[in-house]
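Lettering follows sequence order; numbering is per chain, from 1. Predicted, not measured: the structure shown is a model, and the values here were computed from it.
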Number of protein chains: 2
Amino acid sequence: MTERVPYDPFSNPHPAVAVDVILFTIADGELRVLLIRRELPPFEDAWALPGGFVRADESLDEAAARELDEEAGVSVRWLEQLYTFGAVDRDPARRVISVAYFALIDALELSPRAGGDATDVRWCNVRRLPKLAFDHKQIVRYAHQRLRYKAEYAPVAFQLLPKDLTLSELQHVYEVIHGKALDKRNFRRKVLGLEILEPTGESRSEGRGRPAALYRFRRDRFRDLGGGVVLEF
Amino acid sequence: MTERVPYDPFSNPHPAVAVDVILFTIADGELRVLLIRRELPPFEDAWALPGGFVRADESLDEAAARELDEEAGVSVRWLEQLYTFGAVDRDPARRVISVAYFALIDALELSPRAGGDATDVRWCNVRRLPKLAFDHKQIVRYAHQRLRYKAEYAPVAFQLLPKDLTLSELQHVYEVIHGKALDKRNFRRKVLGLEILEPTGESRSEGRGRPAALYRFRRDRFRDLGGGVVLEF
DNA sequence: GGATATTAGTGTCGCGAGGACACTATATGA
DNA sequence: TCATATAGTGTCCTCGCGACACTAATATCC
């Protein structure tokens, strides 16, 4: 139980460190995650989360952002660390631990493009996942749960929308995240009561129907309550 | 931005993986954390959190439990992963990322004992920390915040108490965690309303004063709401 | 241009959770 | 037996939030 000789990971076998990113978006009324197709073994040609090994000269956060950029061509405004998965056998070939991050993006902002070790990339409905490499399905489920949980108290939904937004758009995002309809009046009362939205004075006509007033998120009116460190780039 | 040659951590410089454990207890009306004195550089003789490198054949959870046992002689019922700290320069000598865990223990249950790479061990008031090695002070602050947050919705306090407990003891734990007094009647109404406490029928006389009824925590009545995976050993 | 369809926007009631508040009950020890 | 110390108990009020239906403004279709 007690050992006198210190364990030195630089002269003994030890885990490698990877990061994986769960990138959520909303499109066509669905909550979707970004998947890439692996070019290399293990799990060659399988769908997986974008991610890769951490380099010696970058922080974990930087590694997550870099891998997302390299493999999927996506730059995000922020990333939040989710959990670190460290089961011994989660990679069949080697001992690898993975620090998972999650991020949200407005789907219209840009379209992903495969690169790096990825031969393909796609958005996938979070409730209809294909077979995924490693323990990535479990990681996505965990991320979805955290997203729902976090959406209860933090204005995460604003990351999924353009800067100027309508209350109906915002409500729609919450409905997709939670998977159920919300009452319009209660939703507006609650959101406006938070005093984190500022009317721009403008309005936007979305096809037919009455034009909706536009609002902007006041980041300075809000402080995160914990449960994760949000990193701004 | 895109590179064709995959980065192989087994043939390139890469981070080592450590675990650190923040073990909380309550004693003399204070919230305290367990610290060890380091035997080896870097930060030789400095106070630090118990922890060490992860071995190739053990999960992160197992590594955390092992290090706590080796360095401080403490076995815990459960550990919860807190966060993974991965700044490039958090260890001045080498690139090391640290997966932090936190745990709670009844102070009376056992007394810690230095071992492994630790030459000394002590409980320290969480609000009066000495200089700590690495970024461990930041880690402790983060853990304390998470503990307060988690105590809002999860019955963490039961881990800090013996199996049979009184409502006054339980209230005291919450008061210490939150650093403020609570109303006795409101506290009891709320806790009993959760229906996670079962009266044992016994009572305990604590010196002077009326004897208090004893209760036992009904684990099966409660399910964790997320925000962390709790591991039972 | 008028009818129709479509989306935006608004107020009230009731319930339950939880904070503020003071006294009685039962034991020990002087 | 009296003083002290801790355990235990009930009411009122406020606030958050869920349930619930109609009017307002615009586009489209004839």
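Taking atom CZ on R185(A) and atom C1' on dC17(D), their separation rounds to 13 Å, with Å as the unit. What separates CD of E206(B) from C1' of dA27(C) is a distance of 13 Å, to the nearest Å. Protein atom CG of N186(A) is 17 Å distant from nucleotide atom P of dG16(C), rounded to whole Å. In this structure, the CG atom of L192(A) is 14 Å from the P atom of dG16(D), given to the nearest Å. Regarding L170(B), its CG atom lies at a distance of 15 Å from the C1' atom of dA7(D), rounded to whole Å. Separating the NZ atom of K184(A) from the P atom of dT6(C) is a distance of 14 Å, rounded to the nearest angstrom. When rounded to the nearest whole Å, the span between CG of L197(A) and P of dA8(C) equals 15 Å. Nucleotide dT7(C) holds its P atom 17 Å from the CZ atom of F187(A), rounded to whole Å.
A distance-only check finds a donor-acceptor pair linking the side chain of E175(A) to the backbone of L182(A) [under 3.5 Å].
Residue K190(B) places no side-chain atom within donor-acceptor reach of the base of dA17(C), judged by atom type and a 3.5 Å distance cut-off alone.
Among the nucleotides dG11(C), dG18(C), dT10(C), the one closest to any side-chain atom of R188(A) is dT10(C). Minimum atom distance to the side chain of P211(B) is reached by dT26(C), of the listed dG9(C), dA25(D), dT26(C). Of the listed nucleotides (dA27(C), dT7(C), dG8(D)), dA27(C) has the atom at the smallest distance from the side chain of S205(B). Ranking dA7(D), dA19(D), dG9(C) by closeness to the R189(A) side chain, first place goes to dA19(D). With dA8(C), dT26(C), dC21(C) as the candidates, the nucleotide lying closest to the side chain of R210(B) is dT26(C).
Looking at residues 176-183 of chain A, you'll see that no heavy atom sits under 4.0 Å from any atom of DNA chain C.
Salt-bridge check for K150(B) with E80(B): passed, with a basic side-chain N closer than 4.0 Å to an acidic carboxylate O. Salt bridge present: R204(B) and E206(B) bring a charged side-chain N and a carboxylate O closer than 4.0 Å.
Only one option out of Y174(B), F217(B), Y215(B) pairs with F158(B) in a ring-ring contact (aromatic ring centres under 6.0 Å, His included); it is F217(B).
Looking at Y101(B) and L23(B), their side chains never come closer than 4.5 Å, going by heavy atoms from C-beta outward. Residues W47(A) and R122(A) form a side-chain contact, since some pair of their non-hydrogen atoms from C-beta on lies under 4.5 Å apart. Taking the side chain as every heavy atom from C-beta outward, V121(A) and V74(A) never approach each other to under 4.5 Å.
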